[in-house]
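This report concerns only the one structure given below.
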Amino acid sequence: MRVLLHSTVRVTNSTIDYSISRGSGLELNRLSYSFPVFDDLRVSIFPQGYVSDYIDRNSYANNDATNFSTYGLVNNQLLLANDLPGAGAAVSWNPSKSAFTIRAAYRSQQAAIVNSTITNSDNNEGVFEDPNLGVVELEISPSKTFAIRFQYSGGTQSSEEYDVIGTNLEIALGKKLGFFGRFGYTFNFPGDIKPTSWSAGILFKDLFAQSDLLGISVGQPLIFQENDNLLGLFGSTQTNYEAFYRLKVNHNLSVSPILQVITDPGNSQSNTVLTGTLRTVFSF
């Protein structure tokens, strides 16, 4: 059993955000300090965190505690393929509070290790060395009902460089109906492949009771091109389906039955995987 504690401390316009999990031991998952430089420019510094905390946000599919739980449905799996915890910084600039927002985030997985001989890894550890991940994002949101984000990520992993572009879309179809979609394309990936990925879904708010939420989504996390499959290992494409219903019991408690279906898991013609989960979230 894993217990997660998350808290945000606000001091004037600045925030200190942290989360701790307890499984076999106590583990620090996130620690960040965010502050405004100007009214339209905000900076975050984190000794432990994830790039996905700052990039590729979406109102309908972004938090595995409150909406979808499949990783490929809450993030762009190619854009953030190397989204491991580490140290880094992020900025968010919304010039003159316009419809345009520019975000950027950088994370070094082993920033605290300056001598690669300390580990058995072939990577060159350090703030600007392998492994690392950097992402930039331009959001265009002319209204509260529409937003589209254009993204680029680049980094290194095991001395292999990669470059990915992505899009992230959300549309509110009235007050109780929302749609989201993501797409990713890789220019080069370790192994000299160029896969794509996509996901899309729809959410219904207050379907049977106020504050309840029903979500249905589908996605393909890794689609190989014909010339990528040189070894003949991937005869099909994995597809993830997920449906959940979040029942808000009170202000501090929600319960969500979740159904997940995976066809052709691992991009092979394997048996379909079916899982059911009951997610319980306490908020304080």
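Each residue takes its place number in the sequence, starting with 1.
Hydrophobic clustering of Ile, Leu, Val, Met, Phe, Trp and Tyr side chains at less than 4.5 Å, counting indirect connections, keeps Val281 apart from Leu278. Transitive grouping of hydrophobic side chains (ILVMFWY, heavy atoms separated by less than 4.5 Å) brings Trp93 and Ile148 into a common cluster. Linking Ile, Leu, Val, Met, Phe, Trp and Tyr whenever their side-chain heavy atoms come within less than 4.5 Å leaves Leu274 and Ile258 in two separate clusters. Tyr245 and Val74 fall into different hydrophobic clusters, where Ile, Leu, Val, Met, Phe, Trp and Tyr are joined by side-chain heavy atoms under 4.5 Å apart, directly or via other members. No path of Ile, Leu, Val, Met, Phe, Trp and Tyr side chains, each step under 4.5 Å between heavy atoms, connects Leu247 with Leu213, placing them in separate hydrophobic clusters.
Arg246 contributes no side-chain N or O that, together with a main-chain N or O of Ser254, makes up a donor-acceptor pair within less than 3.5 Å. Here the side chain of Arg279 pairs a donor or acceptor atom with the backbone of Asn67 at under 3.5 angstrom. A distance-only check finds a donor-acceptor pair linking the side chain of Ser153 to the backbone of Leu79 [under 3.5 Å]. The closest donor-acceptor contact from the side chain of Arg103 to the backbone of Ala90 lies at 3.5 Å or more, if one exists at all. Of the possible donor and acceptor atoms, none in the side chain of Asn267 sits under 3.5 Å from a partner among the backbone N and O of Ile223. Looking only at distances, a side-chain donor or acceptor of Arg182 sits under 3.5 Å from a matching main-chain atom of Ala61. Of the possible polar contacts, none joining the Asn132 side chain to the Tyr106 backbone as a donor-acceptor pair under 3.5 Å is found. Judged purely by atom type and a 3.5 angstrom limit, Gln151 has no side-chain atom pairing as donor or acceptor with the backbone of Val135. No side-chain donor-acceptor contact under 3.5 Å links Asp83 to the backbone of Tyr50.
In this structure, OH in Tyr152 is found 3.5 Å from CG in Asp163, a value given to the nearest 0.5 Å. Going from atom CG of Asn94 over to atom CD of Glu139 covers 8.5 Å, rounded to the nearest 0.5 Å. Note that the CZ atom of Phe100 and the CD1 atom of Ile140 stand 5.0 Å from one another [nearest 0.5 Å]. Interatomic distance, CZ of Phe204 versus CG of Leu173, reported as 9.5 Å (0.5 Å rounding). Taking CZ from Phe180 and CD1 from Ile171, the interatomic distance works out to 12.0 Å, rounded to the nearest 0.5 Å. Going from atom OG1 of Thr263 over to atom CG of Asn271 covers 11.5 Å, rounded to the nearest 0.5 Å.
Minimum heavy-atom separation, Pro47 to Ala87: O-CB, 3.5 Å. Nearest heavy atom pair, residue Lys176 against residue Asp206, reads CE-OD2, 3.9 Å. Of all non-hydrogen atoms in Ala200 and Ser217, the two that sit nearest each other are O-OG, 2.8 Å. Scanning both residues, Val51 and Arg107, for their nearest heavy atoms gives CG2-CB, 3.6 Å. Across all their heavy atoms, Asn76 and Gly166 have their closest contact at ND2-CA, 3.9 Å. Across all their heavy atoms, Leu80 and Ser52 have their closest contact at CD1-CB, 3.7 Å.
A donor-acceptor contact under 3.5 angstrom links the side chains of Thr275 and Gln260, judged on distance only. There is no side-chain donor-acceptor pair under 3.5 Å between Thr70 and Asn240. Side-chain atoms of Glu170 and Ser59 form a donor-acceptor pair, as typed in the model, at a separation below 3.5 Å.
At least one side-chain heavy atom of Ser14 sits under 4.5 Å from a side-chain heavy atom of Pro36. The closest side-chain heavy-atom distance from Lys248 to Asp212 is below 4.5 Å. Between Tyr241 and Thr272 the shortest side-chain heavy-atom distance does not fall below 4.5 Å. Residues Gln220 and Asp264 are not in side-chain contact: their nearest non-hydrogen atoms beyond the backbone lie 4.5 Å or more apart.
Between Tyr54 and Phe46, the two ring planes are parallel [angle under 30°; tilted spans 30° to 60°].
A distance of 6.0 Å or more separates the ring centres of Phe179 and Tyr60. Separation of the Phe35 and Tyr33 ring centroids falls under the 6.0 Å cut-off.
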After noting the C-alpha distance and the side-chain angles of Leu78 and Leu222, does the key distance pass the side chain to side chain contact (heavy atoms under 4.5 Å, CB included) rule? CA-CA 8 Å; Leu78 289 180; Leu222 197 61; 3.8 Å; yes

Decide side chain to side chain donor-acceptor pair (under 3.5 Å) for Ser98 and Ser96; before the verdict, give the C-alpha distance in whole Å, the side-chain angles of both, and the deciding distance to 0.1 Å. CA-CA 5 Å; Ser98 65; Ser96 302; over 6 Å; no

Using side chain to side chain contact (heavy atoms under 4.5 Å, CB included), reason through Phe244 and Leu203 one step at a time and then give a plain yes or no. CA-CA 10 Å; Phe244 74 90; Leu203 291 94; 4.0 Å; yes

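For Asn252, the CG atom counts as densely surrounded, since its 6.0 Å shell holds more than 12 non-hydrogen atoms of other residues, nucleotides or ligands. Atom CG of Asn250 has more than 12 heavy atoms from other residues, nucleotides or ligands within 6.0 Å.
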